[in-house]
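Take a look at the structure below.
Sequence lines set the chain letters: A, B, ... in the order given, protein chains first and strands last, and positions in each chain run from 1.
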There are 2 protein chains.
Amino acid sequence: MSMTTQIPSLTIGAVAKRVGVAIDTIRYYEREGLLPEPERRASGYRSYDEGAVRQLRFIRRAKDLGFTLEEIRDLLALSADRHRGVKAVKKRAQERLAAIDERIAELTRVRNGLEQLVEACPGHGSPEQCPILRALVDEEPQA
Amino acid sequence: MSMTTQIPSLTIGAVAKRVGVAIDTIRYYEREGLLPEPERRASGYRSYDEGAVRQLRFIRRAKDLGFTLEEIRDLLALSADRHRGVKAVKKRAQERLAAIDERIAELTRVRNGLEQLVEACPGHGSPEQCPILRALVDEEPQA
DNA sequence: CTAGACCTTTGATCCAGGTCTAGAGTCAAG
DNA sequence: CTTGACTCTAGACCTGGATCAAAGGTCTAG
């Protein structure tokens with residue numbers, strides 16, 4: 001080996017800053033098994049490398065895609081399984097995609113219902129004439 | 001008045017069944033100020049009328065439209081304000097609509113990003129070749 | 001009368017995903 | 001050396017929207 005190549009180690013604060021996440025969150029992820037337990041300095045300080053930074057970014061991206069921490073734990077395990085993992089990862093991503101589509105469809109239904117009400121509401125007059133209030137109070141939503 | 005017209009009063013359980021909501025939820029809404037404190041029988045049992053049923057349905061519908069309980073409390077107050085309330089109710093509904101649109105747009109963005117990844121993933125091979133894993137690990141999402 | 005359903009209250013618990021605290025130790029700059 | 005910023009731990013607390021438990025009182029059908 002070459003002479004003790006100084007792989008620069010990062011404190012938890014440095015990692016937090018780099019990734020844009022709170023220190024507490026990093027420790028929380030570690031507790032929850034999303035991040036491996038890092039090396040420690042003699043003082044007990046956690047010591048991270050670039051791999052940890054990458055993994056943390058992975059977690060944040062996956063979260064932005066709507067994966068739960070539970071699912072992310074799962075993805076991480078899969079991504080570690082060379083070759084066999086890829087298939088499962090794709091499957092998870094497809095499931096996530098389907099779930100998002102469903103959520104969008106649901107929101108769209110609500111949205112359109114609400115839009116109709118807003119359009120039909122004159123914005124003045126008695127509450128009995130307000131279709132928004134009527135829709136909320138009366139029997140069936142669209143019946 | 002006519003001779004003590006028996007307005008049939010409902011127990012909390014009957015109301016719960018009629019609206020399709022848990023008893024605990026009704027008491028919770030009462031505590032949270034979404035439902036007025038009902039009459040009580042001599043025994044202390046809550047005694048509801050049809051108005052309460054209507055108001056509870058209002059709450060559930062509004063919740064289905066994505067209003068938070070906080071916002072619903074607000075809507076209820078507004079709907080009680082005859083005439084002046086209507087304008088404010090419409091405004092709230094418009095705001096809600098805009099918020100939903102924003103949420104849909106956001107989800108759609110995520111959805112499309114995820115779809116591209118899924119389509120580009122062969123479903124086998126090494127993790128380094130899997131665009132899903134690469135996207136999660138690598139630098140910029142779309143860069 | 002009694003079983004069993006229903007009701008009362010206060011207060012605890014749940015879920016995810018963190019966030020904050022206290023009290024103590026460590027590190028880098030001046 | 002001192003200061004101030006940083007980190008450590010264990011564990012409590014937060015949000016929203018309920019949901020449940022415990023311990024007791026009430027109501028109704030048979």
message: Assuming nearest nucleotide by heavy-atom distance, tell me which of B:Leu69 and A:Arg46 is located more 5' along DNA chain D.
response: A:Arg46
- request: Keeping the roles fixed (side chain from B:Arg134, backbone from B:Gln129), state whether a donor-acceptor pair exists under 3.5 Å.
  value: no
message: Whether the side chain of A:Glu119 engages the backbone of A:Gln116 through a donor-acceptor N/O pair (distance < 3.5 Å, no angle test) should be reported.
response: no
Residue list, side-chain hydrogen bond (donor to acceptor under 3.5 Å, both in side chains) with [X], at least two apart or on another chain:
| X | answer |
| --- | --- |
| A:Glu128 | A:Ser126, B:Arg82 |
| A:Glu115 | A:Arg111 |
| B:Arg18 | B:Glu50 |

task: Shoot me the first and last contacting nucleotide of DNA chain D against chain B, ordered 5' to 3', at under 4.0 angstrom to non-hydrogen atoms.
output: D:dG17 to D:dC27
message: So which atom in B:Asp74 and which in B:Arg92 form the shortest heavy-atom distance, rounded to 0.1 Å?
response: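 The pair with the smallest heavy-atom distance is OD2-NE, 2.8 Å.
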Report the residues that fulfil salt bridge (charged side-chain N to carboxylate O under 4.0 Å, His left out) with [X], sequence neighbours left out, ordered by chain and then residue number.
| X | answer |
| --- | --- |
| B:Glu106 | B:Arg103 |
| A:Arg60 | none |
| A:Arg27 | A:Asp24 |
| A:Lys91 | A:Glu95 |

task: Given side-chain contact (heavy atoms from CB on, under 4.5 Å), test B:Asp64 with A:Val110 step by step and report yes or no.
output: CA-CA 8 Å; B:Asp64 289 346; A:Val110 168; over 6 Å; no
B:Gly13 or A:Ala22, whichever maps to the more 5' nucleotide of DNA chain C: B:Gly13
- prompt: What are the residues of residues 24-37 of chain B, sorted by number, that bring a heavy atom to within less than 4.0 Å of DNA chain C?
  reply: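 B:Arg27, in order of number.
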query: Step by step, would you call B:Ile104 with B:Leu107 a side-chain contact (heavy atoms from CB on, under 4.5 Å)?
result: CA-CA 5 Å; B:Ile104 289 174; B:Leu107 277 177; 5.7 Å; no
task: Inspect the contact between A:Glu30 and A:Arg46 and indicate whether a charged nitrogen and a carboxylate oxygen are less than 4.0 angstrom apart.
output: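 Yes.
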statement: Each nucleotide of nucleotides 24-30 of chain C classed B (base within 4.0 Å of a protein heavy atom), S (only sugar-phosphate) or -, in 5' to 3' order, makes -BBS---
- request: Could you grab the distance from atom CZ of B:Phe67 to atom CD1 of B:Ile59, nearest 0.5 Å is fine?
  value: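 B:Phe67 atom CZ to B:Ile59 atom CD1 measures 13.0 Å (nearest 0.5 Å).
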query: What's the spacing between A:Ile23 CD1 and A:Lys17 NZ if we round to 0.5 Å?
result: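 Nearest 0.5 Å value for the CD1-NZ distance: 9.0 Å.
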- request: Rounded to 10°, tell me the angle between the two end axes of the helix from C:dC1-D:dG30 to C:dG30-D:dC1, each built from five pairs.
  value: 10°
message: I need the residues from residues 100-108 of chain A with at least one non-hydrogen atom less than 4.0 Å from DNA chain D; give them sorted by number, or say none.
response: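 Nothing qualifies; none.
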field: B:Arg40 CZ to C:dC7 P, straight-line distance once rounded to whole Å
entry: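 Rounded to the whole Å, the gap is 12 Å.
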- prompt: Contact class for B:Arg73 (heavy atom, under 4.0 Å): base, sugar-phosphate, or nothing?
  reply: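 Counting heavy atoms under 4.0 Å across all strands, no contact is made by B:Arg73.
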